[in-house]
Amino acid sequence: MLDTEPDLSDRLFSDFDFSNGAVAAVSGGSDSTALLFLLKHHLDRTLPAAKLLAVTIDHDLRPNSAAEAQAVARLCAEHGIAHRTLLWSDPKPSTGLPAAAREARYRLLAEAAEVEGIRVVVTGHTADDQAETVLMRQVRDQGDDQARDEGAHDDRGLAGMAPATLYDWRIWIARPLLGTRRAALRAMLERRGIGWIEDPTNVDQRFERPRMRIWLAGGDGEARFAQAIAKAGQAAAERAELGRRAAVLIGAFASRPASGLVRLDRDFANGEDIDAALYALRILLATIGGVSFLVDKARCRALFERLRSGTLCATLSRTVVDARRTGIFLHREARNLPAAVPAEDQALWDGRRRITLSDRPGGLVIAPVGRAAGKRSAPEGVPASVLRRALAAEPALWRGAEYLDFAGGAAATPMAIVPVVSPFARFLPSFDLLPAAAVATLIGAPPLPPLPLSRP
């Protein structure tokens with residue numbers, strides 16, 4: 001049910017765990033300002049020792065952005081709220097600016113949270129934002145009848161924004177206002193005599209979201225809104241259920257005979273739950289290939305049908321699929337592997353491995369194992385040629401031409417190189433927790449930090 005009453009703080013945050021504190025992303029607009037004061041009221045009453053930090057990201061995209069950040073800082077000071085302004089000072093791209101700004105915003109917010117030892121960043125996305133998001137994604141999908149007929153259409157995006165999203169596998173982004181209308185938040189601010197900043201980009205029709213906002217404000221806008229919210233709820237439930245079934249299949253049929261090599265039992269492709277098997281396979285292909293997005297559903301379905309028919313060797317999403325009598329083997333293809341690069345802290349190697357330095361790397365570089373993979377013996381049931389090709393694409397530590405050790409092996413080195421669940425490494429919506437956790441366990445990725453939400 002959507003909240004439309006002015007007194008919201010008693011029920012907005014009951015499902016969230018803020019015992020470790022919270023970073024509130026506050027632009028100065030009505031939604032984030034209302035979030036800040038509602039959250040402060042909640043913490044003052046229920047967790048008075050919990051730290052609340054308001055953070056304003058100055059994207060440096062408009063002449064007044066610095067002044068707006070200063071206004072937020074003054075407002076916070078007046079109400080005894082800790083505040084920090086962070087500047088996105090990087091060069092701005094000529095294309096893809098909204099996406100780049102979003103990435104910079106979440107990176108800076110996560111860094112601020114980590115400095116304070118806080119695990120949750122809270123944003124002011126509302127039910128209005130959710131409806132706009134769903135409708136924008138729906139419009140993008142419309143008209144592609146051929147893709148829909150071929151089974152390529154993917155309704156995952158119609159779930160909209162998740163109530164919580166894990167950023168970079170380390171900081172949760174919580175959205176407690178997704179069930180609340182903007183009008184209710186503004187009414188609350190007006191009653192309290194609290195002003196807000198109107199961002200001119202919110203009505204700039206050069207951008208997609210303002211155009212959708214205007215469309216929703218039309219004569220039948222409330223009906224469109226209600227339909228979008230209902231669609232989001234249904235799609236979210238279906239996405240979570242599909243992920244649950246996919247996680248069961250991964251746990252039942254997938255194993256890791258060696259680093260970089262996943263084996264699926266032949267029965268994986270012969271079960272009745274084809275939708276869940278397809279979803280599991282798409283996630284596994286992206287993870288093994290180090291790709292941040294799931295492969296097209298129609299192409300994966302065509303591959304899956306061939307798997308059900310017998311043996312094959314094919315490549316999809318940078319992943320070799322080698323189906324044999326003893327199992328279906330997945331490993332990174334040999335093409336377009338990274339060249340030797342110096343080790344850098346927090347770098348993502350080939351989209352598949354996170355590098356963490358504990359000391360200076362001392363001239364070490366990371367490069368594929370290559371021919372050195374031939375020195376290893378194959379586990380029982382794994383063809384030696386499959387193991388050799390899988391290990392050849394794995395990262396190794398080198399000093400010049402000297403092969404030191406397989407990355408993640410037993411040698412003492414000043415770094416750790418750990419697997420990541422590639423399609424969810426940057427943003428993991430709470431809808432997808434179960435399949436992401438199943439794949440993390442399978443490949444040896446770090447466990448997920450606890451969800452700060454009682455219901456995903």
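- Between Ser317 and Arg299 the shortest side-chain heavy-atom distance does not fall below 4.5 Å.
- Between Arg107 and Glu103, none of the side-chain N atoms (NZ, or NE/NH1/NH2) sits under 4.0 Å from a carboxylate O, so this pair counts as no salt bridge.
- Minimum interatomic distance between Ala24 and Leu36 (heavy atoms only, all atoms of both residues): CB-CD1, 4.1 Å.
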Stepwise side chain to side chain contact (heavy atoms under 4.5 Å, CB included) check, Trp349 with Ile417
CA-CA 9 Å; Trp349 186 88; Ile417 303 179; 5.7 Å; no

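- Of the possible polar contacts, none joining the Lys297 side chain to the Val295 backbone as a donor-acceptor pair under 3.5 Å is found.
- For Arg256 (side chain) and Ile443 (main-chain N/O), a donor-acceptor pair under 3.5 Å exists by modelled atom type.
- In this structure, Arg137 contributes its side chain and Gly157 its backbone to a donor-acceptor pair below 3.5 Å.
- His331 NE2 to Leu261 CG: the interatomic distance, rounded to the nearest 0.5 Å, is 7.0 Å.
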Please determine whether side chain to side chain contact (heavy atoms under 4.5 Å, CB included) holds for the pair Leu185 and Leu177, giving the CA-CA distance in whole Å, both sets of side-chain angles, and the decisive distance to 0.1 Å.
CA-CA 9 Å; Leu185 298 174; Leu177 302 186; 3.8 Å; yes

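- With contacts defined as side-chain heavy-atom distances shorter than 4.5 Å, the pair Leu284/Leu264 qualifies.
- With rounding to the nearest 0.5 Å, the separation of CZ in Arg282 from CG in Asp296 is 7.5 Å.
- Among all heavy-atom pairs drawn from Ala131 and Ile229, the shortest one is N-CD1, 4.0 Å.
- Under the 3.5 Å distance criterion, the side-chain polar atoms of Asp17 are matched with a main-chain donor or acceptor of Ser19.
- Here the side chains of Leu428 and Leu448 are in contact, with some heavy-atom distance below 4.5 Å.
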Determine, step by step, whether Trp196 and Leu189 satisfy the side chain to side chain contact (heavy atoms under 4.5 Å, CB included) criterion, reporting the C-alpha distance in whole Å, the side-chain angles of both residues, the deciding distance to 0.1 Å, and the verdict.
CA-CA 8 Å; Trp196 63 84; Leu189 291 175; 3.6 Å; yes

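- For the residue pair Ile250 and Pro435, the shortest heavy atom distance occurs at CD1-O, 4.5 Å.
- Counting only heavy atoms from C-beta outward, the side chains of Leu337 and Arg332 approach each other to under 4.5 Å.
- For the atom pair Ile194 CD1 and Ser30 OG, the distance stands at 12.0 Å (nearest 0.5 Å).
- Between Phe253 and Phe268, the angle of the ring planes goes over 60°, which puts this pair in the perpendicular group of the 30/60° scheme.
- Arg224 has no carboxylate O lying under 4.0 Å from a charged side-chain N of Glu132, or vice versa, which leaves the two without a salt bridge.
- Side chain of Thr319 to backbone of Leu285: a donor-acceptor contact under 3.5 angstrom is found.
- Heavy-atom neighbours of Arg45 CZ from other residues, nucleotides or ligands within 6.0 Å: above the threshold of 12.
- Because its NZ or CZ atom is not both nearer than 6.0 Å to the ring centre of Phe16 and within 45° of the ring axis, Arg175 does not count as a cation-pi partner of that residue.
- Considering all non-hydrogen atoms of both residues, Val439 and Ile283 come closest at CG2-CG2, 3.8 Å.
- No donor-acceptor distance shorter than 3.5 angstrom exists from the side chain of Thr126 to the backbone of Arg182, with no hydrogens or angles considered.
- Atom CG of Leu38 is separated from atom CZ of Arg11 by 10.5 Å, given to the nearest 0.5 angstrom.
- Arg318 is not listed as a side-chain neighbour of Arg335, based on a closest heavy-atom distance of 4.5 Å or more.
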Go through the steps to decide whether Asp168 and Arg354 satisfy the test salt bridge (Lys or Arg N to Asp or Glu O under 4.0 Å), and finish with yes or no.
CA-CA 11 Å; Asp168 210 27; Arg354 177 81 64 192; 3.0 Å; yes

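- Between the Asp273 side chain and the Ala276 main chain, a donor and an acceptor come within less than 3.5 Å of each other.
- Side chains of Ser65 and Asp58: a donor on one and an acceptor on the other come within 3.5 Å.
- Heavy atoms of other residues, nucleotides or ligands lying less than 6.0 angstrom from CZ of Arg119 number 12 at most.
- Here Glu394 pairs with Arg353 in a salt bridge; the nearest charged N to carboxylate O distance falls below 4.0 Å.
- Side-chain contact between Ser430 and Thr165 is absent, with no heavy-atom pair separated by less than 4.5 Å.
- In this structure, Asp128 CG and Thr180 OG1 are separated by 9.5 Å, a value rounded to the nearest 0.5 Å.
- Residues Trp169 and Arg426 fail the side-chain proximity criterion, which asks for heavy atoms closer than 4.5 Å.
- Nearest heavy atom pair, residue Ala445 against residue Pro419, reads CB-O, 3.4 Å.
- To the nearest 0.5 Å, the span separating CZ on Arg244 from CG on Asp432 amounts to 14.5 Å.
- The backbone N or O of His41 lies less than 3.5 Å from no partner atom in the side chain of Asp44, so there is not a single donor-acceptor pair.
- Smallest separation of non-hydrogen atoms from Gln130 and Ala159: NE2-O, 3.9 Å.
- Under 4.0 Å is where a charged nitrogen must lie from a carboxylate oxygen, and between Arg186 and Asp31 no such pair does.
- Side-chain contact check for Val72 versus Ser27: every heavy-atom pair is 4.5 Å or farther apart.
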Pair Trp88, Arg105 - check side chain to side chain contact (heavy atoms under 4.5 Å, CB included), show working.
CA-CA 8 Å; Trp88 181 32; Arg105 180 165 60 252; over 6 Å; no

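- Ring planes of Tyr106 and Tyr167: tilted class, angle from 30 to 60°.
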